[in-house]
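Here the structure is laid out as structure tokens; the discussion comes afterwards.
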2 protein chains.
Amino acid sequence: MSGTDSMEPAAPEWIAVDWGTSNLRVWLMDAQNRVIAERHSDKGMSSLSAAEYEPVLLELIGPATGSARRLDVICCGMAGSRQGWAEAPYRAVPCSPVDFLAATRVETNDPRLSVRILPGLRQDVPDDVMRGEETQIGGFLAEKPDFEGTVCLPGTHCKWVRIRDGKVLEFRSFMTGELFALLSGASVLRHSVDTDEFDQEHFLIAVMDALNAPQSLTSELFSLRAASLLRNVAPVATRSRLSGLLIGTELAAARSFWQDQPVAIIGASGLGRSYQAALESQGNTAEICDVAEQTMRGLCAARAAWKEVTNAT
Amino acid sequence: MSGTDSMEPAAPEWIAVDWGTSNLRVWLMDAQNRVIAERHSDKGMSSLSAAEYEPVLLELIGPATGSARRLDVICCGMAGSRQGWAEAPYRAVPCSPVDFLAATRVETNDPRLSVRILPGLRQDVPDDVMRGEETQIGGFLAEKPDFEGTVCLPGTHCKWVRIRDGKVLEFRSFMTGELFALLSGASVLRHSVDTDEFDQEHFLIAVMDALNAPQSLTSELFSLRAASLLRNVAPVATRSRLSGLLIGTELAAARSFWQDQPVAIIGASGLGRSYQAALESQGNTAEICDVAEQTMRGLCAARAAWKEVTNAT
């Protein structure tokens, strides 16, 4: 029993779930959309078969399900992928980021549960997809419905998303985060970047170098190794330059998303601040906001739509 | 005993060795530089401590060392790295690719062995290194001493090398091969490229796309995954496109090395032919030649220099 449970909290009115590839986060919510309790788990989509989602969720909710009432659950993220709990087919852009009416209903063994999974977004030219980020964008727009510009969502597959009139017009994903992880963990560079430290000056020089010659990324990567061999460059300098080269190359390709555009970065972590600093060096003052907060707000917006539908029928 | 040994061949006059990161290749040579026998092993640099090189080599040479005479050994490749048998410090370009006088002498326990390791090449602006490729270039120039143009050496870290007057003027390495291995084996793309097949049409379209927008590499990589999810693209198409995107991006950055330049590709494998086809699509008719043949010829050139030195003293 957690400390929160021992306070005998009110029974939750509904459950908000962000179910990602490698983690999930569950919020027990009251009728005023206040958080009663929050739970984390590492039982992400990649480690679960479809039949395992329900018991994992029930265990996380815990005794709060004791009441016999119906308990509404709204999920976003990879739980809606083809390999997830139940497929929530992508909606095609341009469209609003979150549409509760398009959510997939999931059959459960426990009759008290009423589960909906929000769909991700797809784009056909060029091919692109997102799952989970659309709910963060929905949360951001719930707070700023008139925002016109670009939302940047750093991460394993960073996304740049053009917003107008409350809609996602187009977006572009970059494999920047995954490449950083592969190169620093499994390539010939791994010996040259063996540190957790970060140096902003080396990072920003690399951002500028990559913006000036983005086609040179794959040779600049080998140069990092050569410099480490020839000049014994410190790991913190090499790691910061690796990050700067990858993010600078991304900025070069995403230029139409940020040049002379208002940009909001969803991601207050170190990575979000790196993107902010890189944009700042190019004269763009991007605002920054918290991921979990936007996700929660996006799920609450979906919940409000659900209640409207329920009341209307 | 191998079939070759049972023919009681002549005792070797010297031994040629190409000692790479993950493999080595040993040739037993007669006084006329003809190959008496050839041996392979997977005991490359990455699996050996410095003390293990001599026993590994003696075991591969086998009974041929039975005579009491001195046996000269010339090595090229990663055996000369700091983590190898003995460090052969890099020579700085511009310089001739192979200089026997700069070879490192290795102390051995067996007094019959006289071992030399050829050094690699370094470049300080931009930082770059090679070990092993310089000997292939030396072999190529032994056959074509008047070649003026570019030598391209595809592989884990593909190299483009500008040659004039028998010298390496400058060079540039690209992490293309290593990125292909990481992306196809360990990234989110691995499920989308699960095949060994190759389709030249998809490859060449991707080469052209990357040449037109080389800054977009990291988003094009994510698009491969999205296309596979949205349109169920065949693995052979995705794998060929992945190769084409990486090689096309490399061609964009290496343009000064191949545009309006004679190009010789050292590498007759499928990868070498892919580079040849990519260059052909850009109007460059590159010749292609065999790696092992150039390596052998380069080691023979070093052997000739060794004999000259010995005769002169």
Side-chain angles (χ1 to χ4, degrees), chain A residues 21 81-83 90 92 120 122-124 126-131 156-160 172-179 181-183 185-189 191 210-211 213-231 233 246-255, chain B residues 21 81-83 90 92 120 122-124 126-131 156-160 172-179 181-183 185-189 191 210-211 213-231 233 246-255:
Chain A
T21 302
S81 70
R82 205 169 298 162
Q83 293 76 35
Y90 295 107
R122 67 183 283 166
Q123 175 177 275
D124 292 316
D127 294 304
D128 216 325
V129 291
M130 65 169 77
R131 267 199 197 280
T156 305
H157 302 137
C158 181
K159 290 171 197 299
W160 295 81
R172 205 77 181 94
S173 305
F174 293 78
M175 222 185 254
T176 305
E178 183 162 14
L179 281 171
L182 286 170
L183 289 166
S187 84
V188 71
L189 292 179
H191 307 298
L211 275 162
Q215 75 280 10
S216 297
L217 176 64
T218 61
S219 67
E220 288 290 336
L221 293 177
F222 189 80
S223 260
L224 290 177
R225 175 63 182 155
S228 163
L229 285 170
L230 295 176
R231 295 188 283 110
V233 175
L246 289 167
I247 290 177
T249 304
E250 178 178 335
L251 288 188
R255 192 180 287 277
Chain B
T21 301
S81 70
R82 205 171 299 163
Q83 292 77 35
Y90 295 108
R122 66 183 284 166
Q123 176 177 274
D124 292 316
D127 294 304
D128 217 327
V129 291
M130 66 170 76
R131 269 199 194 281
T156 306
H157 302 138
C158 181
K159 290 170 197 302
W160 295 80
R172 206 77 183 95
S173 304
F174 293 78
M175 222 185 253
T176 306
E178 183 163 13
L179 280 171
L182 286 171
L183 289 165
S187 84
V188 70
L189 292 178
H191 307 297
L211 274 162
Q215 75 280 11
S216 298
L217 175 64
T218 60
S219 66
E220 288 290 337
L221 293 177
F222 189 81
S223 260
L224 290 177
R225 174 62 182 155
S228 161
L229 285 169
L230 296 176
R231 294 189 283 111
V233 176
L246 289 166
I247 290 176
T249 304
E250 178 178 336
L251 288 188
R255 192 179 287 276

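Numbers restart at 1 for each chain; the letters A, B, ... are given by sequence-line order, proteins then strands. Bear in mind that the values here come from a model prediction, so they are computed numbers and not experimental data.
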Contact origin within A:Glu220 toward chain B - heavy atom pairs under 4.5 Å: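 Its backbone and side chain both get close to chain B.
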
Close side-chain approach of B:Leu189 to A:Met175, heavy-atom, < 4.5 Å: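 They are in contact (side-chain heavy atoms under 4.5 Å apart), so the answer is yes.
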
I'd like to verify something: which residue of B:Trp160, B:Phe174, B:Tyr90 has the highest number of heavy-atom pairs under 4.5 Å with chain A?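 Most heavy-atom pairs within the cutoff with chain A belong to B:Phe174.
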
Heavy-atom pair count under 4.5 Å with chain A, highest-scoring of B:Cys158, B:Ser187, B:Ala186, B:Ala213: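 Of the options given, most contacts go to B:Ser187.
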
Between [options], which has the largest tally of heavy atom pairs under 4.5 Å with chain B?
{"options": "A:Leu179, A:Val129, A:Thr21", "result": "A:Val129"}
{"options": "A:Leu224, A:Thr249, A:Leu221", "result": "A:Leu221"}
{"options": "A:Ala254, A:Ser81, A:Ala253", "result": "A:Ala253"}

Can you tell which part of [X] gets under 4.5 Å to a heavy atom of chain A, answering side chain, backbone, both or neither?
{"X": "B:Leu229", "answer": "both"}
{"X": "B:Arg255", "answer": "neither"}
{"X": "B:Leu217", "answer": "side chain"}

Step by step, would you call A:Phe222 with B:Asp127 a side-chain contact (heavy atoms from CB on, under 4.5 Å)? CA-CA 9 Å; A:Phe222 189 80; B:Asp127 294 304; over 6 Å; no

Minimal non-hydrogen separation, B:Leu182 against A:Leu183, with atom names: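 Where B:Leu182 meets A:Leu183 most closely, the heavy atoms are CD1-CD2, 4.3 Å.
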
Of the non-hydrogen atoms in A:Val188 and B:Glu178, which two are nearest, and what is the gap between them?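 Looking at all heavy atoms of both residues, the shortest contact is N-OE2, 2.8 Å.
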
